[in-house]
Amino acid sequence: MTSTITSSHAARLTTAMAAIRAGDGDSAVAAMKNVLRDVGRDPSELRAAAEYVLAVAAVQAGTIGQASRAAAACQAVGLALDEPGWVAIGCATRAIAVLHDNRPADAVQDLVRAEYELRDAHQDGLRGWAHTHLGQAYEKFGLFELAVPHYEAAMGIEERKLDLAGSRAIDARNLATVNYHWAKELDMLMEPDLQEEVETRRAEVVRWAERSLALADSEHVEGAVFPLARYLRAAAAWPADPARWIGELHVCRSNLGATHAGFEMEATALLAVAYVEVGEIAEAQREARRALIRLDGVDDLNVQRYVRWATLRVADAMGYPSAGAGLGYGRSISWAWRQQHHSDLEMMRAAIAGYERSRAHDAAVRAAREDALTGLGNRRAFDEWIADAAASESDVSVVLVDVDRLKKLNDTHGHAVGDDALKAVADLIRGNIRRGDRAARVGGDEFAIVLASSEPVEAQLVMDRLQLAAQVASLQPTVKAGIGLSMGLASSSEGLTPDALYAVADARMYEDKRRRSGAVA
């Protein structure tokens with residue numbers, strides 16, 4: 001059920017992830033479909049991992065429906081395995097898919113669920129993946145304040161689920177990237193009061209880009225990390241010394257390639273602005289013209305906004321009269337973005353807080369109706385079940401189960417051993433009642449089973465299974481003094497009201513106890 005990932009399958013997963021990094025999502029999709037055919041439908045860690053990689057590959061390949069289905073399958077496997085880490089990964093990956101489909105409202109529920117499943121993840125490797133994908137989703141959403149903590153958390157986790165070279169270098173590059181986008185949005189507001197924050201973000205870009213480059217060098221994965229990290233460093237550092245960094249920006253632009261086409265266009269716009277700063281107007285005009293020409297056909301609105309803003313800055317510095325008006329219009333658009341950003345941020349935080357309150361409320365409700373020792377219902381839950389049956393006039397039967405000789409067990413071996421025996425009895429009851437039946441611990445050594453049927457023969461079958469299970473399974477192997485189960489049944493088929501069932505079952509249970517005279521199960 002929870003089979004681990006073998007080395008041969010890990011190699012196939014790692015190869016697919018490397019293909020995704022290289023921009024070849026289609027081949028990764030095909031590879032994961034083959035793995036899933038091999039694995040079959042049973043829940044396993046391998047199937048969860050293959051569904052996850054398929055979802056990531058499908059996002060890159062642009063098949064959003066396939067990505068959403070694979071992410072949902074990863075989540076479902078995680079639930080079957082009782083591993084919240086896989087559930088968090090599935091939710092976060094599906095959020096990324098719908099954000100690529102320009103459906104931010106549909107992503108919110110998945111993001112909130114991922115946040116809370118992540119808290120209960122059992123494996124650090126899964127926790128790292130979930131943090132990374134939550135960071136990517138929030139970055140795609142434009143919620144940089146929420147993305148950065150997740151990227152930082154991923155950076156702090158040493159364990160990796162797959163031995164994929166360059167993972168930590170990419171984690172550092174993610175932090176450089178999100179701070180780059182954050183600084184860019186603040187810069188376009190053209191607000192002097194925000195300049196300090198812009199500089200703080202730029203410093204973070206430089207710090208994490210240099211960390212990424214150092215890690216890439218030590219892990220020998222320069223090709224997967226180097227071009228973008230190098231550009232991010234130059235893009236953040238150039239305002240402090242334009243003459244020094246112009247040459248570096250040229251080199252970076254030539255190395256970015258088709259995989260980072262949006263950054264390549266932004267590099268061209270940055271070069272135009274940098275040339276204005278050093279007084280090389282002809283070069284600034286040439287780069288600005290190049291950026292605008294290449295803008296045709298670009299779908300990314302954020303890239304479009306930035307390139308137009310940068311080229312307008314060049315035109316304004318050159319004295320074009322309409323450029324100032326254009327910058328003013330662009331600034332108003334940026335402020336509108338800023339207001340929407342704050343609205344989205346507050347909405348997301350409110351959704352997370354609301355989910356937290358809902359979970360706390362649900363936990364409180366469960367705790368009020370759950371026996372802390374055994375995990376079954378408690379007397380309050382039992383009383384509510386009987387009241388519901390009475391209100392709905394439903395047929396119902398009650399079986400009371402008493403643990404014989406529990407006091408002797410406690411006196412001889414201590415209450416810890418007695419508690420273990422009670423938990424063992426609870427497990428026996430859980431494993432031998434039918435779907436739809438409910439069980440509660442209603443006293444110190446007394447349990448009650450509420451059966452959704454008034455047929456005594458069905459209730460008797462449940463009682464027979466319990467007695468047989470108690471005889472076959474040793475409840476407490478280390479205890480010489482055995483314990484037994486005494487039982488009593490009452491049913492509404494006898495003409496009893498639900499409120500009367502407990503008292504009648506209790507009397508019959510004590511009759512059984514007297515007959516058994518403490519017989520050992």
(message) Would you compute the distance between atom NE2 of His9 and atom OG of Ser44 and round it to the nearest 0.5 angstrom?
(response) 9.0 Å

(message) Within a 6.0 Å radius of atom CD on Glu196, are there more than 12 heavy atoms belonging to other residues, nucleotides or ligands?
(response) no

(request) Enter the distance from Ile157:CD1 to Glu152:CD here, rounded to the nearest 0.5 Å. (result) 12.5 Å

(message) Using ring centroids (six-membered ring only for Trp), state whether Tyr306 and His181 fall under 6.0 Å.
(response) no

(message) Side chains of Tyr180 and Glu266: any donor to acceptor distance under 3.5 Å?
(response) yes

(request) Could you give me the CA-CA distance, side-chain angles and deciding distance for Glu248 and Tyr231, then say whether side chain to side chain contact (heavy atoms under 4.5 Å, CB included) is met? (result) CA-CA 8 Å; Glu248 177 74 354; Tyr231 164 70; over 6 Å; no

(message) Could you check whether any side-chain heavy atom of Arg12 comes within less than 4.5 Å of a side-chain heavy atom of Asn34, counting everything from C-beta outward?
(response) yes

(message) Is a donor from one side chain sitting under 3.5 angstrom from an acceptor on the other, for Gln340 and Asp344?
(response) yes

(message) Check this for me, if you would: do Arg438 and Asp388 make a salt bridge, where the nitrogen-to-carboxylate-oxygen distance has to be below 4.0 angstrom?
(response) no

(request) Inspect the contact between Asp437 and Arg434 and indicate whether a charged nitrogen and a carboxylate oxygen are less than 4.0 angstrom apart. (result) yes

(message) To the nearest 0.5 Å, what is the distance between CD on Glu117 and CG on Leu134?
(response) 11.5 Å

(request) Please say whether the positively charged group of Arg119, taken as NZ for Lys or CZ for Arg, lies over the ring of Tyr116, i.e. under 6.0 angstrom from the six-membered ring centre and within 45 degrees of the axis. (result) yes

(message) I'd like to check the ring pair (Phe, Tyr, Trp, His ring centres under 6.0 Å) partners of His131; sequence neighbours left out, ordered by chain and number.
(response) His150

(request) Decide whether Thr374 and Asp371 meet the rule of one side-chain donor and one side-chain acceptor closer than 3.5 Å. (result) yes

(request) Indicate yes or no: at least one non-hydrogen side-chain atom of Trp335 is less than 4.5 angstrom from one of Gln339. (result) no

(message) Looking at every heavy atom in both Ala310 and Ala269, which two are closest together, and how far apart are they?
(response) CB-CB, 3.6 Å

(message) Under 4.0 Å between a side-chain nitrogen and a carboxylate oxygen: does that hold for Arg244 and Asp241?
(response) no

(message) Ignoring hydrogens, what is the shortest heavy-atom contact between Leu99 and Ala107? Give both atom names and the distance.
(response) CG-CB, 3.8 Å

(request) Mind running salt bridge (charged side-chain N to carboxylate O under 4.0 Å, His left out) on Arg69 and Glu51 for me, showing each step along the way? (result) CA-CA 9 Å; Arg69 289 190 297 274; Glu51 295 284 11; over 6 Å; no

(message) Could you tell me if Gln123 and Glu45 have a donor-acceptor pair between their side chains, going purely by distance under 3.5 Å?
(response) yes

(request) Please name the pair of heavy atoms, one in Val87 and one in Gly78, separated by the smallest distance, quoted to 0.1 Å. (result) CG2-C, 3.7 Å

(request) Go through the steps to decide whether Asn174 and Glu139 satisfy the test side chain to side chain contact (heavy atoms under 4.5 Å, CB included), and finish with yes or no. (result) CA-CA 10 Å; Asn174 287 338; Glu139 184 178 356; 5.6 Å; no

(request) Please report the C-alpha distance between Thr93 and Ile89 in whole Å, then the side-chain angles of each, then the deciding distance to 0.1 Å, and finally whether the side chain to side chain contact (heavy atoms under 4.5 Å, CB included) criterion is met. (result) CA-CA 6 Å; Thr93 309; Ile89 289 167; 3.9 Å; yes

(request) Test Asp427 against Arg430 for salt bridge (charged side-chain N to carboxylate O under 4.0 Å, His left out), laying out the working first. (result) CA-CA 5 Å; Asp427 288 340; Arg430 239 189 308 263; 2.8 Å; yes

(request) Check the pair Arg173, Arg211 against side chain to side chain contact (heavy atoms under 4.5 Å, CB included), reporting the backbone distance first and the verdict last. (result) CA-CA 8 Å; Arg173 192 189 67 185; Arg211 179 78 179 277; over 6 Å; no

(request) List the atom of Leu186, the atom of Glu197, and the distance in Å for their closest heavy-atom pair. (result) CD1-CG, 3.3 Å

(message) I need the minimum non-hydrogen distance between Arg47 and Ala73, along with the two atoms involved.
(response) NH2-CB, 4.5 Å

(request) Look only at the side chain of Glu83 and the backbone of His122, and say whether a donor-acceptor pair between them is shorter than 3.5 Å. (result) yes

(request) With salt bridge (charged side-chain N to carboxylate O under 4.0 Å, His left out) as the test, would you mind laying out the steps for Arg127 and Asp124 before giving the verdict? (result) CA-CA 5 Å; Arg127 200 175 286 113; Asp124 278 348; 2.2 Å; yes

(message) Under the criterion salt bridge (charged side-chain N to carboxylate O under 4.0 Å, His left out), I'd like the reasoning laid out for Glu199 against Arg202: C-alpha separation, chi angles, the key distance, then a yes or no.
(response) CA-CA 5 Å; Glu199 295 305 321; Arg202 284 175 175 161; 3.0 Å; yes

(request) State whether the side chain of Thr132 and the backbone N or O of Gly128 hold a donor-acceptor pair below 3.5 Å, judged by distance alone. (result) yes

(message) Can you confirm whether Phe141 sits close enough to Leu111 that some side-chain heavy atom of one is under 4.5 Å from a side-chain heavy atom of the other?
(response) yes

(request) Looking only at non-hydrogen atoms, find the nearest pair between Trp208 and Ala172 and report the distance. (result) CB-O, 3.5 Å

(message) Under a 3.5 Å distance rule, please check whether Asp300 uses its side chain to pair with a backbone N or O of Asn302 as donor and acceptor.
(response) yes

(request) Decide yes or no for Glu287 and Val273: does some side-chain heavy atom of the first lie under 4.5 Å from some side-chain heavy atom of the second? (result) no

(message) Between Asp24 and Ile20 (side chain of the first, backbone of the second, donor and acceptor by atom type, cut-off under 3.5 Å), is there such a pair?
(response) no

(message) If you define the side chain from C-beta out and look only at heavy atoms, does anything of Ile281 sit under 4.5 Å from Tyr275?
(response) no

(message) Within the structure provided, determine whether Val112 and Met348 are in side-chain contact (heavy-atom separation under 4.5 Å).
(response) yes

(request) Working to the nearest 0.5 Å, report the span between CE of Met17 and OG1 of Thr15. (result) 11.5 Å

(request) Determine whether the side chains of Arg253 and Thr268 contain a donor N or O and an acceptor N or O closer than 3.5 Å. (result) yes

(message) I'd like to know if Arg305 pairs up with Glu185 as an ion pair, taking the criterion as any Lys NZ or Arg NE/NH1/NH2 lying under 4.0 Å from an Asp or Glu carboxylate oxygen.
(response) yes

(request) Evaluate whether atom CD of Gln109 has more than 12 neighbouring non-hydrogen atoms of other residues, nucleotides or ligands under 6.0 angstrom away. (result) no

(message) Looking at Asp299, I want to see if its CG is surrounded by more than 12 non-hydrogen atoms of other residues, nucleotides or ligands under 6.0 Å.
(response) no

(request) Please tell me if the side chains of Ile246 and Glu280 come closer than 4.5 Å, counting only heavy atoms from C-beta onward. (result) no

(message) Would you compute the distance between atom NZ of Lys423 and atom CG of Leu373 and round it to the nearest 0.5 angstrom?
(response) 5.5 Å

(request) Answer yes if the side chains of Tyr138 and Glu145 hold a donor-acceptor pair under 3.5 Å, and no otherwise. (result) no

(message) Any donor-acceptor pair under 3.5 Å linking the side-chain atoms of His133 with those of Gln136?
(response) yes

(message) Could you check whether any side-chain heavy atom of Met32 comes within less than 4.5 Å of a side-chain heavy atom of Tyr52, counting everything from C-beta outward?
(response) no

(request) Verify, without hydrogens or angle tests, whether Gln60 (side chain) and Gly25 (backbone) share a donor-acceptor contact under 3.5 angstrom. (result) yes

(request) Look up atom SG in Cys252 and atom CH2 in Trp245, then write down how far apart they are to the nearest 0.5 Å. (result) 8.0 Å

